[in-house]
Enquirer: 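Here it is, the structure in full.
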Amino acid sequence: MPVVRLTEIFRQAAESRIVTNAHRVNQGLMPDLALAEGGDFYFVDAAEPEEGVRKLLAIVQERVPKRFGLDPIRDIQVLCPMNRGGLGARSLNIELQNALNPPGEVRIERFGWTYCPGDKVMQVENNYDKEVYNGDLGVVSRIDMEESELTADFEGREVVYGFAELDELVLAYATTIHKSQGSEYPAVVIPLTTQHYPMLQRNLVYTGVTRGKRLVVLVGWRKALAIAVKGARARRRWSKLREWLM
């Protein structure tokens, strides 16, 4: 069966260390982690998960906005190998919300999340009536308690949700790398520890790294990165597609 493999990365400049390190990861090689002045690829060591959380919060809230002039909510996306754990997407969403947009008096709690004006959210299922789709990112623009409605701004287009519809949204300061496929962000921050061992795969790290346009920061254990890079390119799939097409 003929196969086409895409080998060129157009999201970043050709001389970008994001590009060169993405290629290295794809080839099963450790990325170049040497510090480079004015670089766009960094690794921040964190010996323990608690230290990883502290450093990640500082990177998103202070260091990247100050050095690169990026908005911590709209421009920086935390991408996690998985949802579970202290450095998983669910826990980090709560930590990042408290750091970047602490819940105030105007809030609504539904389906395990607290939503406030200014929160970054993601649509998690296709809604053709509202014209929002799985993976779309928005920011809560207002909450109307009298009408029981939340309004989110999706790149300049406002979408209204009844409170009963909020199961279609989740906080999105952090999300999984899997959910980020097909998207791109000015900057991505990726936590990597052995907590994520079940998901430490080469293709997952490659996908996460190539989501960043201007900046990629890895936070965690170099051992975890090495496990992922040396791991299988992808789990083999038995789809029987060849037999069905013959």
Side-chain angles (χ1 to χ4, degrees), residues 6 9-11 22 60 71-85 87-97 100-101 107-143 148-192 196 198-214 216 234-235 237 239 241:
L6 303 178
I9 302 173
F10 296 99
R11 189 169 285 115
V60 174
D71 184 274
I73 295 178
R74 293 183 179 273
D75 296 332
I76 304 172
Q77 185 62 52
V78 176
L79 299 179
C80 305
M82 57 198 302
N83 272 306
R84 300 189 305 275
L87 281 166
R90 183 165 186 86
S91 178
L92 286 176
N93 263 314
I94 296 171
E95 297 281 357
L96 288 161
Q97 182 187 45
L100 300 175
N101 192 45
R107 67 172 81 175
I108 180 63
E109 297 182 14
R110 287 291 189 280
F111 305 105
W113 298 106
T114 299
Y115 301 100
C116 311
D119 274 334
K120 187 177 189 176
V121 292
M122 176 184 283
Q123 177 79 14
V124 293
E125 60 182 70
N126 294 330
N127 187 318
Y128 298 98
D129 293 331
K130 297 182 187 295
E131 297 183 358
V132 284
Y133 305 100
N134 188 14
D136 286 353
L137 290 176
V139 175
V140 177
S141 53
R142 61 182 176 274
I143 295 175
S148 297
E149 291 179 343
L150 176 150
T151 303
D153 184 311
F154 289 88
E155 297 185 347
R157 191 174 67 87
E158 291 198 327
V159 178
V160 179
Y161 296 82
F163 287 169
E165 300 176 301
L166 293 181
D167 57 338
E168 296 185 16
L169 294 178
V170 296
L171 291 180
Y173 298 97
T175 188
T176 61
I177 295 174
H178 174 74
K179 275 287 188 182
S180 76
Q181 293 186 73
S183 301
E184 60 181 18
Y185 316 96
V188 300
V189 179
I190 304 173
L192 284 174
H196 303 134
M199 298 299 293
L200 291 179
Q201 296 288 328
R202 186 187 312 170
N203 62 321
L204 195 76
V205 174
Y206 174 83
T207 298
V209 168
T210 54
R211 299 309 93 191
K213 295 171 63 179
R214 293 178 52 188
V216 172
R235 291 184 175 91
R237 298 178 61 205
S239 65
L241 180 61

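Numbers for residues simply follow the sequence, beginning at 1.
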Enquirer: Taking only residues two or more places apart in sequence or in another chain, which ones pass side chain to side chain contact (heavy atoms under 4.5 Å, CB included) with R107?
Expert: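 Only P103, E109, T114, C116 meet the side chain to side chain contact (heavy atoms under 4.5 Å, CB included) criterion with R107.
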Enquirer: Taking C-beta and beyond as the side chain, do W113 and N93 meet within less than 4.5 Å on heavy atoms?
Expert: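 They are in contact (side-chain heavy atoms under 4.5 Å apart), so the answer is yes.
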Enquirer: Specify the closest pair of heavy atoms between L166 and Y161, including all atoms of both residues, with the distance to one decimal.
Expert: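 Closest approach of L166 to Y161, heavy atoms only: CD2-CB, 3.9 Å.
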Enquirer: Which heavy atom of V188 sits nearest a heavy atom of G208, and at what distance?
Expert: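 Minimum heavy-atom contact is CG2-O, 3.8 Å.
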Enquirer: Would you find a donor on one side and an acceptor on the other, under 3.5 Å apart, between the side chain of R211 and the backbone of Y185?
Expert: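 Side chain of R211 to backbone of Y185, a donor-acceptor pair under 3.5 Å: no, none is there.
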Enquirer: Is any side-chain heavy atom of V170 closer than 4.5 Å to a side-chain heavy atom of V121?
Expert: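 Not in contact.
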Enquirer: Apply side chain to side chain contact (heavy atoms under 4.5 Å, CB included) to A187 and list each qualifying residue two or more places apart in sequence or on a separate chain.
Expert: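 Side chain to side chain contact (heavy atoms under 4.5 Å, CB included) list for A187, sorted by chain: L70, I76, L215.
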Enquirer: Excluding sequence neighbours, so at least two apart, what forms ring pair (Phe, Tyr, Trp, His ring centres under 6.0 Å) with F111?
Expert: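 For F111 there are no ring pair (Phe, Tyr, Trp, His ring centres under 6.0 Å) partners, ignoring immediate neighbours.
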Enquirer: Would you please name every residue forming a side chain to side chain contact (heavy atoms under 4.5 Å, CB included) with N83, sequence neighbours left out?
Expert: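 Expected list: A89, T176.
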Enquirer: Considering only heavy atoms from C-beta outward, does the side chain of L150 approach that of L169 to under 4.5 Å?
Expert: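 Yes, at least one pair of side-chain atoms sits under 4.5 Å.
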Enquirer: Which heavy atom of L137 sits nearest a heavy atom of F154, and at what distance?
Expert: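 Closest approach of L137 to F154: O-CD2, 3.2 Å.
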Enquirer: Treating Y173 as the side-chain partner and L100 as the backbone partner, does any N or O pair qualify as donor plus acceptor under 3.5 Å?
Expert: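 Pair absent, no side-chain N/O of Y173 close to backbone of L100.
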Enquirer: Just wondering, do L87 and C80 contact through their side chains at under 4.5 Å, heavy atoms?
Expert: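 Sidechains of L87 and C80: no contact.
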Enquirer: Which pairs count as side chain to side chain donor-acceptor pair (under 3.5 Å) when at least one residue sits in residues 150-159, sequence neighbours excluded?
Expert: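 Matches after skipping sequence neighbours: S141-E158, R142-E158.
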Enquirer: Could you tell me whether the side chains of N134 and K179 share a donor-acceptor contact shorter than 3.5 Å?
Expert: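 Yes, because at least one side-chain N or O of N134 sits under 3.5 Å from a partner of the opposite role on K179.
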Enquirer: For E165, which residues count as a salt bridge (charged side-chain N to carboxylate O under 4.0 Å, His left out) partner, sequence neighbours excluded?
Expert: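 Expected list: K130.
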